[in-house]
Protein chains: 2
Amino acid sequence: MASVGKRLPRSVREQQMLDAAIREFAQHGFHAANMDAIAERAGVSKPMVYAYLGTKDELFVACLRREAGRLLEAVAGVVDSDLPPDQQLWRGLRGFFAYVGKHRDGWAVLYRQARSREPFASELAAMRRAMVEVIAERLALALAGHGRSVPAEELESIALALVGAGESLADRLVDTPQEDPERVATRMMGAIWLGAERQLHGEVWRTHQDQSA
Amino acid sequence: MASVGKRLPRSVREQQMLDAAIREFAQHGFHAANMDAIAERAGVSKPMVYAYLGTKDELFVACLRREAGRLLEAVAGVVDSDLPPDQQLWRGLRGFFAYVGKHRDGWAVLYRQARSREPFASELAAMRRAMVEVIAERLALALAGHGRSVPAEELESIALALVGAGESLADRLVDTPQEDPERVATRMMGAIWLGAERQLHGEVWRTHQDQSA
DNA sequence: GACATAACTTACTCGCGCGTAACATTACGC
DNA sequence: GCGTAATGTTACGCGCGAGTAAGTTATGTC
């Protein structure tokens, strides 16, 4: 890893520690992740980790904050509110998959680990809710442009489904390095956006074609 | 919980233990879950749990197996392969949300816990892959009925997105007891199926409307 | 009503791994 | 170059909770 014996300023060591921690958390999960192993990965001894980033929980939170920040940047940083809503969605989606492609371990921790460990789970859940809200708003805007409107509740369900679909595809992306994030984004926009748009314009899929129950 | 002092046959105690374990795992996560607490919930002392269901890991696996079995039953048990593909999807989806609605803790464990703990994660991932395959097949069938065909790779992406959307909606369902599983299923079919169908019939969402890079 | 066996408990061991106290060394300001 | 603060290490305490050994009471059976 880092060449031995070299002394480094705190700011860069902290980043190395976060890198190391995220790898470890991603590979073994929070519980099985070993503080000694994290220290070793960072090319440093354990007490340094505690000195700089605190306990295991605090370290985990630090990882989450950094990755959540990067994700937010990747998504919100590329969206221009002057664009038409579907283009905003497209930009956000592309930014999202780009982040996942570049920081696979980070995404794995956010998605696979953080959801199961309180109190981080609530923090992440809040972020997710915010994302759903933003998407629902864009959908509403897209609708308004066509002179239609749809119950907010339904918009949120669609937005939530979009988010879930994105996470699912992101999850595959993590395990398949050869996959191109751009292509995934395009596929998703094709598969999902068309459906949302269609429903938003008033088409319904009719349950009662089903004969029974 | 269970009235004190009563002795019960192994088969029923085991079910109580699994119920208890699933509640505990769902509430605290695998790591924070306490074997003594599980035993107490089941109205029994810890060595009984070890005698009947083995170590913590084995207990967890037992939980997963039971819930995965129930889920499979709820989904595959209601699908009739003589029905048209979209109806098969609809039945499966309804069964899925019905399971989640009835066994919220079970779903929480499957979805939020199992994904982060090897080696269970791989087992669940395999099950998920199988589900994606089945859905992709139905999509292909639906297509064939309209005389079209689409690359298998693309079909799988759509199926994967469907699964992710379902999981996401299921996850909300877990936290909102007033929500009706049937309604969630209908919404999802509306929001997603229409889009998949549309793409399957050859429509594409055009990336190059985007002006910049 | 004995006796076998399944159901159940109390009361421990013990190791893993988080977290820290105490100490060492290098860089840098002045 | 010398003090001092930041970077770094070794070696250990210690609690928590998984897992168990040994013993106890109910229950069904002939």
Side-chain angles (χ1 to χ4, degrees), chain A residues 1-25 27-64 109 113 116-120, chain B residues 1-25 27-64 109 113 116-120:
Chain A
M1 306 290 168
S3 51
V4 215
K6 185 80 183 167
R7 254 137 133 120
L8 295 172
R10 173 165 187 160
S11 58
V12 22
R13 263 301 184 235
E14 277 181 347
Q15 293 309 311
Q16 292 181 340
M17 288 174 184
L18 290 176
D19 291 340
I22 284 169
R23 270 216 86 89
E24 179 80 6
F25 285 137
Q27 287 185 4
H28 304 308
F30 179 86
H31 172 53
N34 189 321
M35 290 299 276
D36 294 85
I38 291 173
E40 192 177 357
R41 273 190 209 267
V44 106
S45 68
K46 193 169 52 169
M48 287 305 298
V49 179
Y50 281 88
Y52 284 175
L53 293 168
T55 80
K56 190 179 189 181
D57 279 35
E58 290 166 344
L59 173 61
F60 190 68
V61 168
C63 292
L64 288 191
V109 172
Q113 299 301 319
S116 55
R117 296 264 325 160
E118 287 295 349
F120 329 126
Chain B
M1 304 292 166
S3 51
V4 215
K6 184 78 182 169
R7 274 171 185 220
L8 296 173
R10 172 166 188 159
S11 58
V12 23
R13 264 297 186 238
E14 278 181 348
Q15 292 308 311
Q16 293 179 339
M17 288 174 183
L18 290 176
D19 291 341
I22 284 169
R23 270 215 85 89
E24 179 80 5
F25 285 137
Q27 286 185 4
H28 304 307
F30 179 86
H31 172 53
N34 189 318
M35 291 298 277
D36 294 86
I38 291 172
E40 191 177 356
R41 273 190 209 266
V44 104
S45 68
K46 194 169 52 169
M48 286 305 298
V49 179
Y50 281 89
Y52 284 175
L53 293 168
T55 80
K56 191 179 188 180
D57 279 34
E58 290 166 345
L59 173 60
F60 190 68
V61 169
C63 292
L64 288 191
V109 172
Q113 300 300 320
S116 54
R117 297 262 328 156
E118 287 295 349
F120 327 128

What is the distance from [atom1] of [X] to [atom2] of [N], rounded to the nearest Å?
| X | N | atom1 | atom2 | answer |
| --- | --- | --- | --- | --- |
| Met35(A) | dT20(C) | CE | C1' | 12 Å |
| Asn34(B) | dG15(D) | CG | P | 18 Å |
| Gln15(B) | dA7(C) | CD | P | 14 Å |
| Lys6(A) | dT25(C) | NZ | P | 19 Å |
| Leu8(B) | dG28(D) | CG | C1' | 15 Å |
| Lys46(A) | dG13(D) | NZ | P | 14 Å |
| Asp36(A) | dT20(C) | CG | P | 14 Å |
| Phe60(B) | dA18(D) | CZ | C1' | 16 Å |

> Which residues satisfy the side-chain hydrogen bond (donor to acceptor under 3.5 Å, both in side chains) test with Asn34(B), sequence neighbours excluded?
Replying inline: none
>> Restricting to side-chain hydrogen bond (donor to acceptor under 3.5 Å, both in side chains), what partner residues turn up for Gln113(B), sequence neighbours left out?
In response: none
>> Tell me which residues in residues 48-59 of chain B lie within less than 4.0 Å of DNA chain D, going by non-hydrogen atoms.
In response: Tyr50(B), Thr55(B), Lys56(B)
Sub-3.5 Å pairs of nitrogen or oxygen atoms, protein against nucleotides 13-15 of chain C:
none

> Rounded to the nearest 0.5 Å, how far apart are CD1 of Ile22(A) and CZ of Phe60(A)?
Replying inline: 9.5 Å
>> Working to the nearest 0.5 angstrom, can you tell me the gap between Glu24(A) CD and Met17(A) CE?
In response: 14.5 Å
> Does Arg13(A) get its side chain close enough to the base of dT7(D), under 3.5 Å, for a donor-acceptor pair?
Replying inline: no
> Can you find an N or O donor on one side and an acceptor on the other, under 3.5 Å apart, linking the side chain of Arg10(A) with the base of dT7(D)?
Replying inline: no
> If you take all heavy atoms of Ala42(B) and Ala20(B), which pair is closest and at what distance?
Replying inline: N-CB, 3.8 Å
> What pair of heavy atoms forms the shortest contact from Ser45(B) to Ala39(B), and how long is it?
Replying inline: C-CB, 3.7 Å
>> Over all strands shown, is Ala33(B) touching base, sugar-phosphate only, or nothing at heavy-atom distances under 4.0 angstrom?
In response: sugar-phosphate
> Reckon Pro9(B) touches a base, only the sugar-phosphate, or nothing at all at heavy-atom distances under 4.0 Å?
Replying inline: sugar-phosphate
>> What I'd like to find out is whether the side chain of Met48(B) reaches to under 4.5 Å of the side chain of Arg13(B), using heavy atoms alone.
In response: no
>> Which is more 5' along DNA chain C, the nucleotide nearest Ala32(A) or the one nearest Val44(B)? Just name the residue.
In response: Val44(B)
> Can you check side chain to side chain contact (heavy atoms under 4.5 Å, CB included) on Val44(A) and Gln16(A), steps first, answer last?
Replying inline: CA-CA 10 Å; Val44(A) 106; Gln16(A) 292 181 340; over 6 Å; no
> Which of the following nucleotides, dA7(C), dT10(C), dT10(D), is nearest to the side chain of Arg7(B)?
Replying inline: dA7(C)
Below 3.5 Å, can you tabulate the donor-acceptor pairs from side chains in residues 51-59 of chain A to any protein atom, sequence neighbours excluded?
unit_1, atom_1, unit_2, atom_2, d
Thr55(A), OG1, Asp57(A), N, 3.4
Thr55(A), OG1, Glu58(A), N, 3.3
Lys56(A), NZ, Phe30(A), O, 3.0
Lys56(A), NZ, His31(A), O, 3.1
Lys56(A), NZ, Ala33(A), O, 2.9
Glu58(A), OE1, Thr55(A), N, 2.9

